[in-house]
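Some notes on the structure that comes next.
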Amino acid sequence: MAIELSEKSSARMAIISTILSVVAIFSTLLQAFSERHYSKLGVHPNVVITPLAEGASRLGLYISNDGLGPALLKDIRVDVNGQHFRGFGSSPLSQAAKVAGLDPMCFARGWPKEGTWLKVGQETPFLAMTSAIRPECIKEALRLITVTDMHIEIDYEDLDGDAFQFVGNSKTNDADAMDLVRRLGD
């Protein structure tokens with residue numbers, strides 16, 4: 001037994017089918033967009049400069065990528081007492097330390113080269129106490145992370161070329177480190 005549809009019923013069925021198809025396409029596109037968004041978050045880098053005071057072996061500023069994907073460094077800017085240092089090439093950190101009133105010989109300096117990739121979990125000294133431990137250098141490194149106001153900006157990209165920026169300073173919020181500097185005498 002065949003069911004015969006009137007012309008009106010056929011037109012209604014065609015309209016309903018078209019509407020359902022449009023809704024299905026919209027839903028698929030929305031899901032694809034959402035999936036891409038969360039996929040990108042899954043490989044998002046997060047570059048930071050961290051002031052560390054973990055004894056003499058890790059004392060100073062360290063650059064790291066604590067995100068979920070690698071980071072391509074694009075530009076670095078450091079401002080100290082109104083003087084600006086930027087870009088890649090020769091490390092200006094020795095001069096920046098002098099401008100900050102610190103002894104540059106107390107610090108190992110890590111100024112990345114252009115096109116440097118930071119892997120996930122990678123940490124490297126940016127301006128940290130040298131391995132040649134001298135008592136005056138411990139004080140200088142503590143002054144770097146508690147007293148010195150060094151403004152740092154780092155531009156970086158993820159694997160897709162999306163741009164991000166770290167903006168921070170050299171100061172720690174570690175009360176013990178600040179108390180130690182006060183006891184040692186600024």
Side-chain angles (χ1 to χ4, degrees), residues 28-80 84-97 100 102 104 106-133 137-138 140-178 180:
T28 301
L29 291 174
L30 186 61
Q31 184 177 1
F33 176 77
S34 178
E35 187 174 315
R36 176 162 166 67
H37 172 73
Y38 287 107
S39 175
K40 288 182 89 140
L41 288 178
V43 294
H44 174 60
N46 187 37
V47 173
V48 295
I49 295 279
T50 307
L52 293 176
E54 295 180 358
S57 63
R58 285 176 28 112
L59 183 55
L61 301 177
Y62 291 79
I63 184 171
S64 63
N65 177 6
D66 64 2
L68 299 172
L72 174 62
L73 301 183
K74 299 301 281 183
D75 193 19
I76 298 178
R77 293 171 302 287
V78 176
D79 296 332
V80 184
H84 310 289
F85 307 93
R86 82 172 296 166
F88 296 103
S90 292
S91 172
L93 291 176
S94 176
Q95 184 61 30
L102 302 170
C106 286
F107 297 98
R109 300 170 292 274
W111 191 256
K113 295 180 179 170
E114 188 170 4
T116 296
W117 283 92
L118 277 179
K119 295 183 259 180
V120 173
Q122 182 178 356
E123 178 184 84
T124 187
F126 186 70
L127 189 59
M129 193 172 78
T130 64
S131 58
I133 300 172
C137 289
I138 293 173
E140 290 292 278
L142 283 168
R143 285 183 60 228
L144 168 68
I145 64 171
T146 59
V147 178
T148 303
D149 191 15
M150 187 178 288
H151 182 79
I152 304 162
E153 295 181 12
I154 301 174
D155 296 331
Y156 60 98
E157 293 180 354
D158 65 8
L159 289 170
D160 292 329
D162 292 335
F164 302 95
Q165 185 179 61
F166 165 81
V167 176
N169 65 36
S170 59
K171 290 187 178 180
T172 184
N173 58 1
D174 186 325
D176 292 334
M178 290 186 272
L180 184 56

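Only this structure's heavy atoms are used, side chains among them; waters, hydrogens and symmetry mates stay out. For clarity, every value in this text was computed on a predicted model and none was experimentally measured.
Taking the salt bridge (charged side-chain N to carboxylate O under 4.0 Å, His left out) definition, one finds that Glu123 meets it with Arg58, sequence neighbours left out. Qualifying ring-ring contact (aromatic ring centres under 6.0 Å, His included) partners for Phe126, counting only residues two or more places apart in sequence or in other chains: Trp111. Scanning for side-chain contact (heavy atoms from CB on, under 4.5 Å) contacts around His84 gives Asp79, with sequence neighbours left out. Every residue two or more places apart in sequence or in another chain was checked for a ring-ring contact (aromatic ring centres under 6.0 Å, His included) with Phe88, and none qualifies.
No side-chain heavy atom of Pro45 sits under 4.5 Å from any side-chain heavy atom of Leu68. Phe85 has its side chain out of reach of Leu93: every pair of non-hydrogen atoms, C-beta onward, lies at least 4.5 Å apart. Side chains of Leu127 and Met150 form a contact here, defined as non-hydrogen atoms less than 4.5 Å apart.
Applying the salt bridge (Lys or Arg N to Asp or Glu O under 4.0 Å) test to residues at least two apart or on different chains, the pairs with a partner in residues 145-156 are Arg77-Glu153, Arg77-Asp155. Residue pairs meeting the side chain to side chain donor-acceptor pair (under 3.5 Å) criterion with at least one partner in residues 61-73, sequence neighbours excluded, are Asn46-Asp66.
Atom CD1 in Ile152 sits 7.5 Å away from atom CG in Asn169 (nearest 0.5 Å). Here the CD1-CZ distance, from Ile154 to Phe164, works out to 14.5 Å after rounding to the nearest 0.5 Å. To the nearest 0.5 angstrom, Asp75 atom CG is 11.5 Å from Glu157 atom CD. The OG atom of Ser170 lies 5.5 Å from the CG atom of Leu144; values are rounded to the nearest 0.5 Å. One distance of note links CE of Met129 with CG of Leu61; it measures 13.0 Å at 0.5 Å rounding.
In this structure, Thr50 contributes its side chain and Leu52 its backbone to no donor-acceptor pair below 3.5 Å. In this structure, the side chain of Glu140 does not engage the main chain of Cys137 through any donor-acceptor pair within 3.5 Å. The backbone N or O of Pro112 lies less than 3.5 Å from no partner atom in the side chain of Thr116, so there is not a single donor-acceptor pair. A donor-acceptor pair is defined here as one N or O able to donate and one able to accept, closer than 3.5 Å; no such pair exists between the side chain of Thr130 and the backbone of Phe107. Not one N or O on the side chain of Arg109 forms a donor-acceptor pair closer than 3.5 Å with the backbone of Ala128.
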Query raised in the report: Run the side-chain contact (heavy atoms from CB on, under 4.5 Å) check on Leu102 and Arg143 step by step: do they pass?
Result: CA-CA 8 Å; Leu102 302 170; Arg143 285 183 60 228; 3.6 Å; yes
Report task. Determine, step by step, whether Val47 and Ile63 satisfy the side-chain contact (heavy atoms from CB on, under 4.5 Å) criterion, reporting the C-alpha distance in whole Å, the side-chain angles of both residues, the deciding distance to 0.1 Å, and the verdict. Result -> CA-CA 7 Å; Val47 173; Ile63 184 171; 4.1 Å; yes
Query raised in the report: Checking side-chain contact (heavy atoms from CB on, under 4.5 Å) for the pair Tyr156/Leu72: CA distance, chi angles, key distance, verdict?
Result: CA-CA 5 Å; Tyr156 60 98; Leu72 174 62; 5.9 Å; no
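When all heavy atoms of Ala53 and Leu59 are compared, the pair lying nearest together is CA-CD1, 3.7 Å.
More than 12 heavy atoms of other shown residues, nucleotides or ligands fall within 6.0 angstrom of atom CD in Gln165.
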